[in-house]
Number of protein chains: 2
Amino acid sequence: MRALVVEDDQRIAADLDAALGAAGFVVETCADGEDAWFLGDTEDYALIVLDLGLPAMDGLSVLKRWRANGRNMPVLVLTARGAWMERVEGIEAGADDYLPKPFRMEELVARARALVRRSAGQGAAVHSIGALTLDTNRMSVALRGVPVRVTALEYRLLAYLALSNGRVVPPGELLEHLYGDDDAREANALEAVVARLRRKLGAGVIGTRRGFGYFLEGSAA
Amino acid sequence: MRALVVEDDQRIAADLDAALGAAGFVVETCADGEDAWFLGDTEDYALIVLDLGLPAMDGLSVLKRWRANGRNMPVLVLTARGAWMERVEGIEAGADDYLPKPFRMEELVARARALVRRSAGQGAAVHSIGALTLDTNRMSVALRGVPVRVTALEYRLLAYLALSNGRVVPPGELLEHLYGDDDAREANALEAVVARLRRKLGAGVIGTRRGFGYFLEGSAA
DNA sequence: CGGGCCTTGTCAGCGAATTGTCAGCACGGC
DNA sequence: GCCGTGCTGACAATTCGCTGACAAGGCCCG
């Protein structure tokens with residue numbers, strides 16, 4: 001967990017270093033706006049603590065340039081007490097949080113943890129099974145990286161098989177899952193969907209175990 | 001963009017409602033801890049503003065119970081001035097931000113926006129998705145740099161899609177966030193808004209995945 | 001207070017994509 | 001070789017989403 005502290009006051013920088021270090025961060029410090037900009041733009045930090053009053057380049061400008069370059073690591077800004085307008089500006093420039101000086105170290109650490117916790121909680125929702133990839137955010141399917149157009153029903157079928165982890169799924173269970181069991185379909189409806197999918201995906205993706213059901217090949221042999 | 005305001009003081013609640021409403025949120029309010037807990041646990045909000053002193057159940061307990069149930073929407077806590085210990089507790093209970101009372105409405109709105117941005121994994125107030133740019137501060141939209149006049153409702157739709165990061169958003173979810181679920185609309189209302197937007201933005205901006213919902217094209221290929 | 005403009009929900013019709021059904025075919029198991 | 005299960009292609013029905021028009025409501029300005 002790397003953290004960058006941008007602060008020109010030696011004493012405060014040392015305190016921050018100590019407190020964040022004790023909280024489990026690997027801390028680097030930097031006292032000047034240009035260095036800060038360069039480091040933040042090229043290195044990969046889990047958190048940046050940024051003081052606004054800096055030599056060589058103003059903290060707000062640094063922040064804006066990071067954001068303009070698409071860097072979106074969490075940034076905690078330190079502001080002067082009571083300058084609420086400055087805080088609004090900071091937030092609109094892309095700060096994730098601010099702390100008015102002077103502050104309690106406990107509070108800084110708590111907010112740092114909260115920021116990191118939040119920025120970590122964004123997993124990509126893609127599942128890969130054999131040559132098949134499905135993205136549950138985009139509701140899309142790809143085969144060996146090539147996107148394949150599938151309809152809603154086809155997607156749901158694939159998704160259910162994928163989440164079943166290669167298990168052989170009986171037709172009854174699939175029917176029940178795809179449609180409510182309220183409205184009944186001919187048993188053949190399912191076979192038709194599978195057939196259409198196989199035409200799109202080619203052989204070797206959806207397997208049949210005669211008398212038992214369907215499964216995704218390549219997931220668990 | 002639905003927001004829940006939990007505040008027992010009628011006047012403050014009304015002010016918050018007005019300010020957040022003007023900032024483009026669809027605001028619901030609630031004055032008691034138990035209701036708050038129930039709403040936050042069952043409904044889907046983009047933001048919750050939570051006062052700590054509440055009847056029926058303490059704000060911190062409400063928050064903890066949400067988090068214990070795995071609800072991770074951004075929560076902005078209102079605290080009494082100077083009670084920094086209370087703030088640390090709040091953050092460790094899972095608050096994403098706090099604001100000491102009394103506060104400036106401008107600041108609250110700025111932080112609310114920042115929270116929503118952050119929870120979508122974006123750092124900046126200006127979002128670019130494909131040819132589309134939207135500025136969450138000014139509530140304005142541009143297409144390839146050319147400003148486009150959109151209505152409040154259209155903007156909210158675009159903003160929600162943009163903050164969803166290109167995910168396919170089901171119509172039900174969109175309806176819920178554009179209007180509260182208090183007043184129901186025909187399903188067609190949504191399609192009408194999308195149609196109007198497409199007329200303004202041209203093709204290739206808002207995509208449809210039949211059977212699933214809408215998404216912003218070009219957000220990540 | 002009245003008038004006009006802007007916004008937005010609703011309706012009805014249309015077109016296309018999706019999907020169920022059917023009938024015949026293929027293939028595997030015994 | 002026979003039987004049954006599952007596959008396929010064609011076809012038709014249906015669902016889904018889009019569009020344009022219209023009307024109701026809201027808001028600003030005179």
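It should be emphasised that the depicted structure is a prediction, and the values quoted were computed from it without experimental measurement. Here is the naming used below: chain letters follow the sequence lines, and residue numbers restart at 1 for every chain.
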Toward the 5' end of DNA chain C, by each residue's nearest nucleotide, Asn188(B) or Glu154(B): Glu154(B)

Salt-bridge present (Glu154(B), Arg149(B); N to O < 4.0 Å): no

Side-chain N,O (Thr151(A)) to OP1/OP2 (dA17(C)) below 4.0 Å: no

Distance in angstrom units between Arg209(B) CZ and dA16(C) P, rounded: 20 Å

Distance, rounded to the nearest Å, where Lys200(B) contributes NZ and dC6(C) contributes P: 11 Å

Under 4.0 angstrom between Tyr179(B) side-chain N/O and dG9(C) OP1 or OP2: yes

Along DNA chain D (nearest heavy atom to each residue), the more 5'-positioned of Gly213(A) and Thr208(B): Gly213(A)

Which nucleotide in dG20(C), dT10(C), dG6(D) has an atom nearest any side-chain atom of Ala189(B): dT10(C)

Nearest-nucleotide pick for Leu153(B), side chain only, options being dC11(C), dG9(C), dT19(C): dG9(C)

Check: Arg156(A)/Thr151(A) side-chain N/O donor and acceptor closer than 3.5 Å: no

Spacing between Ile206(A) atom CD1 and dT8(D) atom P, to the nearest angstrom: 11 Å

Crowding at CZ, Arg67(B) (>12 non-hydrogen neighbours, <6.0 Å): yes

Side-chain N or O of Arg198(B) closer than 4.0 Å to phosphate OP1/OP2 of dC18(D): yes

Nearest-neighbour nucleotide for the Glu186(B) side chain, dC11(C), dT21(C), dG6(D) considered: dC11(C)

Spacing of Glu191(A) atom CD relative to dG4(D) atom C1', expressed in whole Å: 12 Å

Nearest-neighbour nucleotide for the Ala192(B) side chain, dT8(C), dT10(C), dT21(C) considered: dT10(C)

Donor-acceptor pair between Tyr98(B) and Glu107(A) side chains, under 3.5 angstrom: yes

For atom CG of Leu197(B) and atom P of dT8(C), their distance in whole Å: 10 Å

Out of dT21(C), dT18(C), dT10(C), whichever nucleotide has its closest atom nearest the side chain of Arg149(A): dT18(C)

N or O in side chain of Arg199(A) less than 4.0 angstrom from dG9(D) OP1/OP2: yes

Contacts of type side chain to side chain donor-acceptor pair (under 3.5 Å), residue Tyr155(B), not counting sequence neighbours: none

Rounded distance in Å - CZ (Phe212(A)) to C1' (dG6(D)): 15 Å

d(CG, Leu190(B); P, dG17(D)) in whole Å: 10 Å

Arg196(A) or Tyr214(A), whichever maps to the more 5' nucleotide of DNA chain D: Tyr214(A)

Interatomic distance where CG belongs to Leu157(A) and C1' belongs to dT19(C) [whole Å]: 13 Å

